[in-house]
Amino acid sequence: MRDQILTQAKRLVVKVGSSLIATRGAGLQPDRIEQLATELVALRREGREILLVTSGAIVSGIQKLGLTAYPTHLPVKQAAAAVGQSRLMWAYEKAFERLGQGVAQILLTHQDLADRRRFLNARHTLTTLLGFGVMPIINENDTVAVDEIRVGDNDSLAAEVALLVDAELLIILSDVEGLYTADPRQDKTATLIPLVDEITDDLARRAGTSQTFEGTGGMVTKLRAAKKATTYGVGTMILNGAKPGLLLDALRGTEAGTFFSPRPRKLNSRKHWIAFTLRAKGQLILDPGAVDALVSRGKSLLPSGIVEVGGDFVPGDALTCVDADGKEIAKGLVNFSSETLRRIKGCKTADIQAILGSQEYEEAIHRDNLVIL
Ligand code: GLU
């Protein structure tokens with residue numbers, strides 16, 4: 001399956017980390033960007049569609065503003081991103097123009113993806129660009145994104161983009177070979193894992209201890225991105241992007257990097273969006289009967305099965321549902337506000353009418369808006 005996906009995937013999202021195209025002291029490295037552009041254009045000529053998700057704005061801005069350290073103060077970080085993003089884009093524009101490849105800049109925040117209309121609109125723009133043969137170059141809109149609306153790291157952003165455009169393959173280019181059995185810089189016996197069929201908690205835990213990698217995320221955000229993408233059926237690869245030619249070789253079948261097999265696609269785009277793009281605004285603790293109704297019988301969640309309501313939310317917000325042990329079992333869009341739900345939790349449908357006067361919905365979460373995790 002691995003070789004087939006790598007050699008045949010038509011629509012690819014390629015993510016490039018800051019450390020591959022810039023250094024903190026010297027800023028952007030045009031020769032690195034040109035090398036990358038050459039390889040991506042070679043893939044385009046094989047008939048592949050490519051969306052590039054790139055970091056590097058902040059690092060480039062740091063150098064231009066003459067800052068000596070990575071900014072911690074948000075306005076400074078955003079100023080650096082504003083200065084750096086245009087330089088970053090300019091460097092790509094020049095490199096791709098020389099090769100006859102058109103490019104377009106797209107800046108996204110979590111808000112653009114969490115609002116279904118904006119999500120679909122972004123999808124139309126991106127697929128229209130691909131239709132014109134233009135390569136979208138995407139980054140987080142760091143200059144306006146405060147924490148609440150940030151995706152936060154470009155590994156996740158790249159996974160979101162892969163879902164947005166229904167890509168067949170996500171490639172995360174990094175300055176490491178791939179995922180190792182332990183941190184290779186500390187443990188000499190660590191070996192590269194070429195193939196991962198399932199991203200288990202144990203794997204994530206071991207990756208969590210290897211924090212020596214460059215960039216915003218390290219292995220943790222890469223694994224999280226791989227999980228998000230593979231769950232939706234998108235094969236994911238972590239590959240060393242510092243080795244010229246490796247990307248092309250890997251996509252022609254040469255053994256390199258770590259490949260994460262896609263899961264069979266069980267969720268449609270909208271349900272995946274509920275499960276993985278939306279952030280939960282609250283939590284419902286369910287009784288065992290409700291857990292069974294949701295998980296084994298495909299039912300909607302009724303207020304009668306809710307034991308506890310956590311958080312502040314309004315109708316339409318996403319919530320997680322947990323069992324009595326706190327295990328997450330489902331996520332969905334709620335029909336009531338937190339305030340209303342606290343009044344009617346545990347109540348039978350007939351009693352709810354009496355409590356609320358009128359009642360638009362019987363279900364707290366309708367099964368069409370519910371995803372079992
Ligand atoms: N968006 C940031 C930048 O372009 C990088 C975020 C990341 O590396 O994950 O500088």
Side-chain angles (χ1 to χ4, degrees), residues 13-30 32-33 36 51-67 69-93 95 103-113 122 136-162 164 170-176 207-208 210-229 236 238-242 277:
V13 173
V14 178
K15 186 261 174 177
V16 177
S18 304
S19 62
L20 291 176
I21 52 162
T23 65
R24 224 164 262 191
L28 294 174
Q29 304 289 295
R32 293 285 199 89
I33 291 182
L36 175 71
L51 299 101
L52 178 61
V53 175
T54 184
S55 306
I58 296 178
V59 175
S60 164
I62 289 175
Q63 182 255 348
K64 184 64 184 169
L65 291 176
L67 303 175
Y70 198 87
T72 45
H73 194 44
L74 185 65
V76 181
K77 223 189 265 183
Q78 295 186 312
V83 171
Q85 179 63 30
S86 66
R87 295 170 65 77
L88 179 65
M89 206 51 216
W90 176 231
Y92 278 117
E93 186 78 56
V103 296
Q105 169 181 267
I106 305 271
L107 299 175
L108 296 170
T109 63
H110 175 71
Q111 230 172 18
D112 300 315
L113 305 164
I137 300 187
I138 303 156
N139 196 356
E140 175 131 40
N141 197 353
D142 293 312
T143 57
V144 296
V146 287
D147 275 349
E148 300 77 65
I149 63 164
R150 287 190 79 206
V151 177
D153 67 87
N154 275 7
D155 296 320
S156 299
L157 180 65
E160 306 265 1
V161 170
L164 189 63
L170 166 64
I171 298 182
I172 300 178
L173 294 179
S174 172
D175 54 2
V176 291
S210 55
Q211 277 295 359
T212 53
F213 304 99
E214 285 272 345
T216 307
M219 245 338 133
V220 182
T221 54
K222 289 180 180 46
L223 275 189
R224 210 178 293 146
K227 179 126 194 174
K228 211 179 249 195
T236 301
I238 299 177
L239 193 66
N240 190 336
T277 301

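One-based numbering, in listed order, for ligands and for the atoms of each.
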### Task
Could you tell me which non-hydrogen atom of A22 sits nearest to which non-hydrogen atom of Q29, and how far apart they are?
CA-CG, 4.0 Å

### Message
Counting only nitrogen or oxygen atoms and a 3.5 angstrom limit, does S55 reach ligand 1?
### Response
yes

### Message
Please report the interatomic distance CG(D155) to NZ(K222), rounded to the nearest 0.5 Å.
### Response
4.0 Å

### Closest to atom 9 (O) of ligand 1 (judged by heavy-atom distance), picking from T54, N154, L157
N154

### Task
Any atoms of ligand 1 less than 4.0 Å from a non-hydrogen atom of D153? List them with their elements.
9 (O)

### Task
Would you tell me which option among I138, I58, D142 has the nearest heavy-atom contact to atom 10 (O) of ligand 1?
I58

### Message
Taking the side chain as everything from C-beta on, heavy atoms only, tell me whether L108 gets closer than 4.5 Å to V161.
### Response
yes

### Distance in Å, I58 CD1 paired with D142 CG, rounded so as to fall on 0.5 Å steps
4.5 Å

### Query
For N139, is at least one N or O under 3.5 Å away from an N or O on ligand 1?
yes

### Task
Measure the distances from the heavy atoms of G56 to every atom of ligand 1 and state whether one is below 4.0 angstrom.
yes

### Message
Under a 3.5 Å distance rule, please check whether N154 uses its side chain to pair with a backbone N or O of N139 as donor and acceptor.
### Response
no

